[in-house]
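Below, chain A is the first sequence line, B the second, and so on; all start at residue 1. Keep in mind the model is a prediction, meaning the values are calculated, not measured.
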Amino acid sequence: MCGRARCTLAPDAVGAACGFGDCQLRLIDHDRYRPSYNVSPGAYFPVVHYEAKDDGEALPVVQAMKWGLVPSFTKKNEKPDHYRMFNARSETVREKTSFSRLLPAKRCLVSVEGFYEWKKDGSKKQPYYIHFQDERPLVFACLYDSWQDAEGDTLFTFTILTTRVSKRLEWLHDRMPVILASDDATKAWLELGCSLDDVFRKFVQPYEGPNLVWYPVTSAMGKPSFNGPDCIKEIKQQKVNDISRFFKRKPQESNPNAATGQDPEREVCDRPRDVKKTKATASQS
DNA sequence: CCAGACGTTGTT
DNA sequence: GTCTGG
DNA sequence: CCAGACGTTGTT
DNA sequence: GTCTGG
């Protein structure tokens, strides 16, 4: 889960989403970040974390890092593979040596407008765009690391924690990213005020809120080179899907919208078609 | 002790 | 770096 | 994650 | 099916 996303956020929006709306965060390597409607591992994202200073102080910064963890112990001559560790299972992240070593001091936050997930229907694949209804950015719990290449250049990379899927999204997939949807949650992940056990029990959980919504988008965005606002433009459902549904052996049992008669594949209807800001009723979870 | 691995996804 | 396997 | 390629021989 | 490239 979570191998593609939209991130066109400006640094101030990233800071605000991560709970630093009241201060100007220092930017590191920000020129490397290219806002995009279709980002995959290997691309730079604006990442929020605490930078340890020499005097012991730790100040929050927005640093451009590549999606797809390249651990510090990677061989210098090795070619970085950003697709090997772009996700980390939250259920096992404390046991896995590659990730557990990062938990004490390499936690970070990544903010995006939304992410993509492909619904598999036989041989057909239909991508969906998943986002907050009020267009508030999502914040993912992440871990980062740095690696020195053969030339001595330092590469900063991160991985997104995943968890089992929420009830509302289980018709689509069985995994989802760990979404930190409150300032308490982002602060707990970044600052670790309480114990790791507490953080995992309280905040590293599937996001179940009803304001996380979705709609189908063009399959053209499956091509990583396809970019622009058309990636998140809602499309009408294909007839092919209706036909394949007719021939399905079993009906969809775990569909939370079945009782309401709502089509789970077109969950959100009343959203603006473009990127303009709207006066949405902001709801917090 | 040293050597070697260190991951997630989905699909079957 | 740190854990597992031999 | 998805998309796209996936091969050898001989001859010029 | 399976590997590579983005």
Side-chain angles (χ1 to χ4, degrees), chain A residues 1-7 32-45 52 66-107 110 112-131 138 140-149 154-165 169-178 196 204 206 214 216-228 230-232 235 249:
Chain A
M1 159 22 125
C2 211
R4 211 72 77 80
R6 169 196 176 188
C7 185
R32 299 181 182 180
Y33 163 53
R34 296 281 174 277
S36 168
Y37 284 85
N38 195 358
V39 273
S40 41
Y44 280 104
F45 282 65
K66 276 187 176 178
W67 185 10
L69 193 83
V70 177
S72 60
F73 53 76
T74 302
K75 311 263 188 308
K76 293 222 176 292
N77 56 344
E78 200 173 320
K79 185 183 169 190
D81 183 358
H82 298 288
Y83 290 84
R84 199 160 48 161
M85 288 184 260
F86 62 86
N87 285 156
R89 292 178 66 91
S90 60
E91 297 92 332
T92 52
V93 76
R94 281 173 284 184
E95 304 156 11
K96 303 288 183 180
T97 62
S98 298
F99 298 137
S100 63
R101 47 189 288 278
L102 307 174
L103 279 167
K106 297 285 175 60
R107 296 179 310 280
V110 168
V112 302
E113 286 103 328
F115 62 93
Y116 303 96
E117 185 63 53
W118 281 260
K119 165 79 174 164
K120 288 188 168 56
D121 223 355
S123 60
K124 301 281 180 202
K125 275 187 287 191
Q126 174 60 54
Y128 289 81
Y129 180 61
I130 301 148
H131 63 103
L138 306 170
F140 296 151
C142 302
L143 296 169
Y144 73 93
D145 203 355
S146 61
W147 169 69
Q148 308 271 336
D149 68 14
T154 302
L155 177 70
F156 282 85
T157 58
F158 68 93
T159 184
I160 300 174
L161 269 72
T162 61
T163 182
R164 69 169 205 277
V165 79
L169 279 170
E170 65 186 358
W171 63 272
L172 177 61
H173 204 48
D174 62 342
R175 305 289 300 166
M176 72 185 295
V178 173
L196 258 190
V204 181
W214 57 83
V217 294
T218 176
S219 57
M221 58 73 50
K223 202 185 174 91
S225 60
F226 189 86
N227 207 335
D230 281 354
C231 289
I232 62 157
I235 61 157
R249 296 191 202 90

Side chain to side chain donor-acceptor pair (under 3.5 Å) partners for [X], two or more places apart:
X         : result
Arg34(A)  : none
Arg4(A)   : Asn38(A)
Thr154(A) : Gln148(A)
Asn227(A) : Ser36(A)

Applying side-chain contact (heavy atoms from CB on, under 4.5 Å), name anything that partners [X], two or more places apart in sequence or on another chain.
X         : answer
Val165(A) : Leu169(A), Glu170(A), Met176(A)
Ala105(A) : none
Lys106(A) : Leu102(A), Tyr144(A), Asp145(A)

May I have the distance from [X] (atom [atom1]) to [N] (atom [atom2]), rounded to whole angstrom?
X         : N      : atom1 : atom2 : answer
Asn38(A)  : dA3(D) : CG    : P     : 10 Å
Trp67(A)  : dT8(B) : CH2   : C1'   : 12 Å
Ile160(A) : dT9(B) : CD1   : C1'   : 13 Å
Tyr116(A) : dC2(D) : OH    : P     : 14 Å
Phe226(A) : dC2(D) : CZ    : C1'   : 14 Å
Arg89(A)  : dC6(B) : CZ    : P     : 16 Å
Trp118(A) : dT8(B) : CH2   : P     : 20 Å
Leu143(A) : dG7(B) : CG    : P     : 13 Å

request  = Kindly write out the residues that satisfy salt bridge (charged side-chain N to carboxylate O under 4.0 Å, His left out) with Arg84(A), not counting sequence neighbours, or none if the list is empty.
outcome  =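 Arg84(A): salt bridge (charged side-chain N to carboxylate O under 4.0 Å, His left out) contacts with Glu78(A).
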Give me the distance, rounded to whole Å, that separates [N] from [M] when you measure between the [atom1] atoms they each carry.
N      : M      : atom1 : value
dG6(E) : dG7(B) : P     : 27 Å
dT2(E) : dT9(D) : P     : 24 Å
dT8(D) : dC2(B) : C1'   : 45 Å

inquiry  = Rounded to the nearest 0.5 Å, what separates atom CG in Leu196(A) from atom OG in Ser100(A)?
reply    =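 Going from the CG atom of Leu196(A) to the OG atom of Ser100(A) covers 10.5 Å.
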query = Roughly how far apart are Leu69(A) CG and Asn87(A) CG, rounded to 0.5 Å?
reply =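 The CG atom of Leu69(A) sits 11.0 Å away from the CG atom of Asn87(A).
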message = Once you measure the plane-to-plane angle for Phe86(A) and Tyr83(A), does it fall in the parallel (<30°), tilted (30-60°) or perpendicular (>60°) bin?
response =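 Rings of Phe86(A) and Tyr83(A): perpendicular, as their planes differ by over 60°.
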key: Watson-Crick or G-U pairs under 3.5 Å in DNA chain D, rendered as dot-bracket with [ ] for crossing pairs and | for another strand   = ||||||......
request  = Please state whether the phosphate of dT9(B), meaning OP1 or OP2, lies under 4.0 angstrom from any side-chain nitrogen or oxygen of Arg175(A).
outcome  =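 Yes.
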task = Decide yes or no on salt bridge (Lys or Arg N to Asp or Glu O under 4.0 Å) for Glu91(A) and Arg175(A), but give the supporting numbers first.
result = CA-CA 11 Å; Glu91(A) 297 92 332; Arg175(A) 305 289 300 166; 2.7 Å; yes
query = With distance as the sole test, does Arg107(A) use its side chain to make a donor-acceptor pair with the main-chain N or O of Leu103(A) at under 3.5 Å?
reply =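 The answer is yes, because a donor-acceptor pair under 3.5 Å joins these two groups.
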request  = Tell me what Gly42(A) touches on the nucleic acid: a base, only sugar-phosphate, or nothing, going by heavy atoms under 4.0 Å.
outcome  =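 Counting heavy atoms under 4.0 Å across all strands, no contact is made by Gly42(A).
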task = Check every strand shown and say whether Thr92(A) touches a base, only sugar-phosphate, or nothing at a heavy-atom separation below 4.0 Å.
result =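 Sugar-phosphate only.
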inquiry  = Distance under 4.0 Å to a non-hydrogen atom of chain A counts as contact; along DNA chain C, which nucleotides mark the start and end?
reply    =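 The footprint of chain A covers dG1(C) to dC3(C).
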query = Are the aromatic ring centres of Trp67(A) and Phe140(A) under 6.0 angstrom apart?
reply =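 Distance test on ring centres: not under 6.0 Å, no.
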message = Expected output is a numbered-order residue list: members of residues 69-85 of chain A with a heavy atom under 4.0 Å from any atom of DNA chain B. What is it?
response =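 Phe73(A), Arg84(A), Met85(A), in order of number.
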Residues from residues 95-102 of chain A lying under 4.0 Å of DNA chain B - heavy atoms =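 The stretch gives Lys96(A), Thr97(A), Ser98(A), Phe99(A) as the residues lying under 4.0 Å from the strand, ordered by number.
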